[in-house]
Each structure stands twice: as structure tokens, then as C-alpha cells.
Number of protein chains: 4
Amino acid sequence: MKRSSEQTRGERTRQAILASATQAFRDRGYERATTADVAQGAKVSEATIFNHYGSKSGLLLEVMESYYRDTLLELEEAIRGQGGPEQQLRVMVRFWVLRVVKDWSLARVFSQHGRFSDDPQVVTSYRELSRGLTGRVLAVLQNLRTEGKIGDDIPLYLLRDVIFGAGEHIALGAAIRPRSQAELERAGEQIVGLILAGSKPSEKSEASLASLEAKLDQVLQRLPEA
Amino acid sequence: MKRSSEQTRGERTRQAILASATQAFRDRGYERATTADVAQGAKVSEATIFNHYGSKSGLLLEVMESYYRDTLLELEEAIRGQGGPEQQLRVMVRFWVLRVVKDWSLARVFSQHGRFSDDPQVVTSYRELSRGLTGRVLAVLQNLRTEGKIGDDIPLYLLRDVIFGAGEHIALGAAIRPRSQAELERAGEQIVGLILAGSKPSEKSEASLASLEAKLDQVLQRLPEA
Amino acid sequence: MKRSSEQTRGERTRQAILASATQAFRDRGYERATTADVAQGAKVSEATIFNHYGSKSGLLLEVMESYYRDTLLELEEAIRGQGGPEQQLRVMVRFWVLRVVKDWSLARVFSQHGRFSDDPQVVTSYRELSRGLTGRVLAVLQNLRTEGKIGDDIPLYLLRDVIFGAGEHIALGAAIRPRSQAELERAGEQIVGLILAGSKPSEKSEASLASLEAKLDQVLQRLPEA
Amino acid sequence: MKRSSEQTRGERTRQAILASATQAFRDRGYERATTADVAQGAKVSEATIFNHYGSKSGLLLEVMESYYRDTLLELEEAIRGQGGPEQQLRVMVRFWVLRVVKDWSLARVFSQHGRFSDDPQVVTSYRELSRGLTGRVLAVLQNLRTEGKIGDDIPLYLLRDVIFGAGEHIALGAAIRPRSQAELERAGEQIVGLILAGSKPSEKSEASLASLEAKLDQVLQRLPEA
DNA sequence: GATGAATGAGAATTCATTCAT
DNA sequence: GATGAATGAATTCTCATTCAT
């Protein structure tokens, strides 16, 4: 009995369990999702789950890792070939808002248990994984600062917190009063707008307008009167 | 055996349970805090808890209500007598950041179970209570818009989400790398700065753009026709 | 609803559980006796067992302590008022043989898990308890040595091992081919006989021979010449 | 790929499993040694164990048989060419003490499960096997009795129980306070000494000496003073 | 008002065993 | 011969909840 894909039976089972667990954690949270739920969802026996993942927290670990891996891959994909850091930031924030709206519950499970799990591996792994994501954003913010688009007086971590925190709260609101994709993208744009406008070096922007004006004055002086 | 305060014995017991439960939920989260923990902390038997609060979720309900009531009271206190809405916003954000850093775990318990509890009363109540808090912020933001300090193009709920979301993420970061009170207050200031600067109506920059355009018109006039 | 004895309900339940557990461990051994078995035997729910004893190994601990306490008490009772150490030893060995025949399985559970339990309390406690018992025997052996009835060349611990080991093996044999109480008491006597005869200082038998010879000389002197 | 010995692959696998199982039972006891442990130790899959031995208790059966077979062989080897039965007894006891000290845990597994296994084959087989061993000792004791070195009043099974029981208890003590090989051999000698001295035909025994002495005293009283 | 005592309904985890390949 | 994969049946333990006193 062959399969088109080259997965072994075991591999397929693992995937089924992982998918079912992801769903279960999303729907019911970690503690209320039981291994029996997951087994049922994956159409395997509970014992099979333990054969593959060792423990419930081992399952969480892999759900987390797989989820972050995918997310990071999609994020890279989304910003590939985007021009400057500003454009990258726009894409990232949009991406993040949409993603967190879709998967808010899951993200919350990760952030809760990634911090407080009894299983130290979960904690360690979560820290690394989430750093992978936020680090990506911090890097772009750093580029923007280098380009002079973000002032020196505001710490980047704060902007990062604004991005991720606002994203989450939008998701949270969206859970109660659903919003269209367009609205969400717009919200993403506006967050970026807020950040760039609110944190741009203040003297400088007015300064450059002023500098333009000064140059125009020079042009005017050199031109004959109308 | 008298008591200076006029609480009955029952009332004192209720308070002890409430305090213990608050602590337990803060320390261990709702699911992992057991009624036995709470009973031990309050130095009463488990049965007494059920006499007073009927169920574990009933206990959560009262913890939540009592916490929000206190918080809202303190918030009102803090902004009492503050001048304009801008100043009020500053105070509120600073208050919120400090509060959420202190009680992040508890806030998370509320927000998690306020949304997903099996007990519908908890859900209903949470919605109202948190609206009470965010509504307070929205009102001030509305005032700022009326004063022309916030542009029409950015929805206020987004600014609210930025405030609350950023606050939470700062708290979250502070749990790993603790920050001094001064730093936190500064972060609060900067969030307000970001919001006000980033969302201020664009007349100002339009003003200088207009001035530039006027000058360009002059240039065009002085140049010979093509 | 009163009880003739002054035990509380809880106390009665504890006793019932203890009795049932003792029986279950005796009948099936520790690992194969389940907490469900014990609960059924005590006519309580499984949860009640855990309320009272905390864990299965906690239950074993108390079964062990209670059993040793009783046994030691009965032993003291049995040797109370017995004359010299030799008589005491006889009583003890007889007691021990009868006891171990009756409770061989239980003793084996203790000795197995008292040594290899994962629960360190069980191990510690077992060591103390069994020392209490064997110590009693060693003390009597020591007295016998002081009285010159046991030679210096044989270590007492060996005699102790003979007593306890032979007792167990008799019990073991009795499990296959049952023996009457009289037979068992006789076996006890014989073990003591073996020990006293086999380990008595060798000079002594020569001494008494010498004493006999001396007396015979006296007799000869008093008798008329042939 | 050749092998010097002529074992087939299957045979080699069987051996590896047997060795690993023996070790596992010794280290962890029957119940707590899992088939997974055994498989890991033998570097085969769990399924292979079942191919070869059918069940866990089938595995125990073969471990037991193989162990007793080896032990009996070594015992025969040890007493081969030893002179009289007394010398044979000495060798046997010494052998047994050393062996049981080394393999006390394993012996205990056999004796426990040989008696109480659910698998009747294990029980039957254990009975035969252990009879093979103790029978060997009984035979020698019988010879000693025939030689007049053991009195008629003490049953031989009791002496056998003393030998095996004392051996086990010495082993048990040695597990806590390790003893040198010399000490153990000495203990073996002393047990034999005890048995031979303690059970030798009673003509010379102290009881009759005492009785003789008593009669002499009577004679002396009836005789006139010298 | 308070509590000692008891419990039902799970929960995760273990483990010998089977079977298709 | 060997094994990867799967599983049924337990098993210990937890916890909110009830109720007689």
C-alpha cells in the first residue's frame, strides 16, 4: 500500500497527532485539552500519542516548535524581495496582525505555558522561538533607526512591544467583534504609521522641510523677479 | 472578642478567602490553583469556600470584580484633579503600565477565563468590567480628538489597543528583565508620546507643505515657459 | 450516632483502610494490590484512601509501621516474666516462627519494598522497624554469651541470621506443605537447640565431664572396696 | 559474515535477550523491569522478545531455568571429588552463601514469582528447579545422618532451612554492610559447624550429661560420708 | 457559620502484547 | 527473523464538590 507522499506510516501518524493537538490547544487551551481529545481528533489511541511524544508537555513542545517554524518561514516568505526596511516593517506588521487574529488562542497558550510550564524544555524552547520572531522585527526597527527614520530617544523594545501588544489586543477585540481582512490590514498600516510618525526624529523632519524651503528660497533669489 | 472594624465573622472569612484566592490565582493561574490551596491560604476548610462562593468559578468572579473595582477606584483617584485630557492620558497610561507589571499574571487569568470560562457569568461580568476600564481610556481619547489633538483618520480603538497591548508586553518583558519604576514610568510617557505624535492631525506638516508649494509656484512663474 | 468505642468516623475509616490494605498486600503483594482493591475491601472510594494516606506508598508505610508495632508489642508481651535469657530466646524463636508462618507474604512485602521502594520514607522506616525486632533478639543472644552459653568464636549476627532465615524458610515450606502448630513450635525449639548446642563454648562440655569424673571419684571413695 | 561459534542469528538473539532479562530482573525486580528495558538491553525490538519467548512470564521462565541449570552445574563442579559428605556439605554451604550474596535480588525474584506467578508453568517449573537444588543438600545431609554425624531427633528439612535461610539473611545483611569474600566463607563454615555440632547424636549431649550428674548426686546423698 | 469526611468523574501515563510488513 | 507502529486495559492520583454534623 503506497502513498503518493513518501511519508512512512509513523510519520503520517505523527502529523495527524500534531494537527489534532494544535487544534485542541487552540480550541480549549492546554490544560483543558486532554490527551483523550487529541487522540480522538487524530483517530489514534491515547497510547500512540505517548509513543510519539512522550508526554503531554512534549506534545506542546512540538506543537510550539512546528508552529513557530511555519510562522517564521511564512514571514520570511512575505518580506522576501520587499524594498527598504520601512516596507518590510509594513509587511511584517500586517502579517503579524493577521496571524495573531487567526491564532490568538494558540499564541496565548504558547505565551502562557512557554513561561510557566513545569517542563523546563518548554520554557527554554519558547524563549528561543519567540526571540526568533521578535528578533526579526527588532532588526528591521534597528535598520529604520540607522536610516534616521526612528529617533534615538525611544527604545526599540518599546516599539516592538507596541507592535506585538497592539496586534494581540486587536486580535482580542476581533474575537468579540469580528473584523474584515481589509480592516485588519488597515489597522496594521496604522500601527506602522503611528510608530513611524510618532517616533521619527522630531527636529529632523521639520528640519528637512525647513531645509527644502531654504533651498527653494535660494532658487528664488537666483531667479529673476516674475 | 471584639473587632475594631464592624465586620461580622462571616465577612472576615469572606475577605480572607478572597485575598487568598487572589494570591493563588496570581501565583499559579486559575486551573492550577486548587481550592485546597485557597483554603489553606485563608486558613479555612475547603467547604467554607463553597459556603461563601458556591463554586470555584464563583470565586473567580468575585476576585475579578473586586480587583477591577479597586483598580478603577485607584485610577479615578489618580486622575482626579488632573488638568486636560492629555495630562489625564499620561497619568492613566503610567498607572496602567505600573499596574499591569505588578499584576500581569492576575490580569492574564482574568483575560483568559473572562473569555473562555464555562461559567457564563464570568464571561459576562468580565466583559463589563474590562469595558469599564477601557471605556475610561476611550473617553479621554475622545476628548483629545475633540480638542484636535488626535486626527480623524485613526480609529480610537486602535490607540486603546496600543495602550493596553503595549502595557502588557512591557509587563511581560519586565517579568524576564525587571525594570525600575522610573523606567516603567518613562515607558508610559513614551507610549503617550508615540500616540500623540503619531496620530496628531496633519495640518502642521500640511502647513509647511503648503508653504513649499506656494514657493514652487513662485519658481514656476519665474522660469521661462518650456 | 454514637459508637461504643470513642473513635471518630475518620478514625474508623482509617482503620478499615489499613486493614484492607494489609490484607491486600498480604494476598497479592504490593505492586499487584491496587488502590482499587484496597478501596473495595475497605468499602470506601479510592479517593478516600488518598485523603487519608496521601499515596500508595504512604499506605504501605503505615501498614508496615502498624504491623511492626503490633508484632513488637506482642513479642514483649510473650517474653514478659520469662526467666533467663535462654528461656526468653526459646519464646522469641517460637513466637517468630509462628508469626512468620502466618504472615510470610506480608513480611516479604515489607522486606522487599522496605529495601527497594522509591519512597525514601519507606526505606528509612523499614530499616528502623526491623532493627527494633532483630535488635531484641540480638540483645538476648548477647545475654546468653555473657552467661557463657554462647562461645566467643561465633558472631551473634550469624545466629540472628540463622534464626530469622530458618524461620522464613520454614514458613516458606509450610506454605507448600502445611504444618501443625505443634510441629512449628517443635521446629522453633529445635532451632534454639541447634544454636545453643552448636555454639556453646567447647570447654564447658569438658568441664562438666570433669565435674562428673570428680563426683564419680567421690562415689568410689565412699563405696567399700570391691 | 561468519561466527566462530555455530550459533544461528536467532540463537544469538535469544541469548542476548536472556542475558538482558536476567540483568533487568536482578536490577529492578520482575514487575518493575519492563519488556522495553529488556529490549533495550538486548538491542532488539520489543516485538522480538515476544517472537522468542511468547510473553514476559515465558521470559522469566527461561531466565529461571537457565539460571538454576548453571547454578546446579557449578555446584556439581564444586563438590566433584570432594571426600566425605561432611566436606561436601562444607563446600555446598560455602558455595551457596557466596552465590546468594551475589544474586540475592535474582533469587528473590525467583522465589517470589516462582510461588505467586499467574503463569502456572512458572510455578511448576520453579518448584522442580528449587527442589533440584535443595534436594542436593538434603541428600548430603542424609548421608551425614547415615554416617551418624546427625542425630535422629532433628528433621533434615530443618537443617536445610537453616542453611538456605541463614544464607539468604547473610546476603541480605551483606547488601547493607558489605562483607569480604573471606568473611562470607567463614560464615559458611560457621553455619556448617553450628549444624554439625548442634545436631550431633545426643549420647554426648549435655542433657544426658546433666541427667547423669543428677543421678550421681542422688547416689552421693545415699552413700555415707567418706 | 464552619468543617471533617467522603466521593465521582476524570487525568496523564504505563506496559505487555499484537500484527502487518 | 526482526521490527515499526499501534493499542487496550489498567493504574495511581487529582480536584471540585457535597453533606451530615
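Proteins come first, then strands; the chains are lettered A, B, ... in the order of their sequence lines, and each starts at number 1.
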When pairs are called at under 3.5 Å and a stem needs at least three consecutive Watson-Crick or G-U pairs, the stems of DNA chain F are E:2-21 with F:2-21

side-chain contact (heavy atoms from CB on, under 4.5 Å) against S111(A), all qualifying residues, sequence neighbours excluded: R115(A), Y126(A), R108(B)

In chain order, what residues pass the side-chain contact (heavy atoms from CB on, under 4.5 Å) check against D119(A), with sequence neighbours excluded? S57(A), S117(A), Q121(A), V122(A)

Nucleic acid contacts - residues 107-120 of chain D versus DNA chain F, non-hydrogen atoms under 4.0 Å: none

Taken to the nearest whole Å, OH/Y53(B) to P/dA16(F) is 16 Å

Could you pull out the closest heavy-atom pair between S20(C) and V38(C), with the gap in Å? OG-O, 2.7 Å

All side-chain contact (heavy atoms from CB on, under 4.5 Å) counterparts of S105(B), not counting sequence neighbours: R26(B)

Mind listing the closest non-hydrogen atom pair of T22(C) and L18(C) along with its distance? OG1-O, 2.7 Å

Who pairs with D118(B) by salt bridge (Lys or Arg N to Asp or Glu O under 4.0 Å), at least two apart in sequence or on another chain? R32(A)

Can you list the residues that meet the salt bridge (Lys or Arg N to Asp or Glu O under 4.0 Å) rule with E62(A), with sequence neighbours excluded? R14(A)

Given DNA chain E, 5'-ward residue of the pair F50(A) and S55(D), judged by closest heavy atom: F50(A)

Tell me every residue that passes side-chain hydrogen bond (donor to acceptor under 3.5 Å, both in side chains) with E46(A), counting only those two or more places apart in sequence or in another chain. T35(A)

Who pairs with A33(D) by side-chain contact (heavy atoms from CB on, under 4.5 Å), at least two apart in sequence or on another chain? A24(D), F25(D), R28(D)

Sequence-distant partners of E65(B), side-chain hydrogen bond (donor to acceptor under 3.5 Å, both in side chains), two or more places apart: S125(B)

Across all chains, not counting sequence neighbours, the side-chain hydrogen bond (donor to acceptor under 3.5 Å, both in side chains) partners of S130(D) are none

Just how far, in rounded Å, is C1' of dA2(E) from CZ of R12(B)? 13 Å

Grab the CG-C1' distance between L60(C) and dC13(F) for me, whole Å please. 17 Å

Output the rounded distance in Å from CD1 (I17(D)) to P (dT17(E)). 14 Å

Atom CD of Q15(A) to atom C1' of dA5(F): distance rounded to whole Å? 16 Å

Which nucleotides of nucleotides 6-11 of chain E have their base under 4.0 Å from a protein heavy atom (B), which only their sugar-phosphate (S), and which neither (-), written as one string 5' to 3'? BBB--S

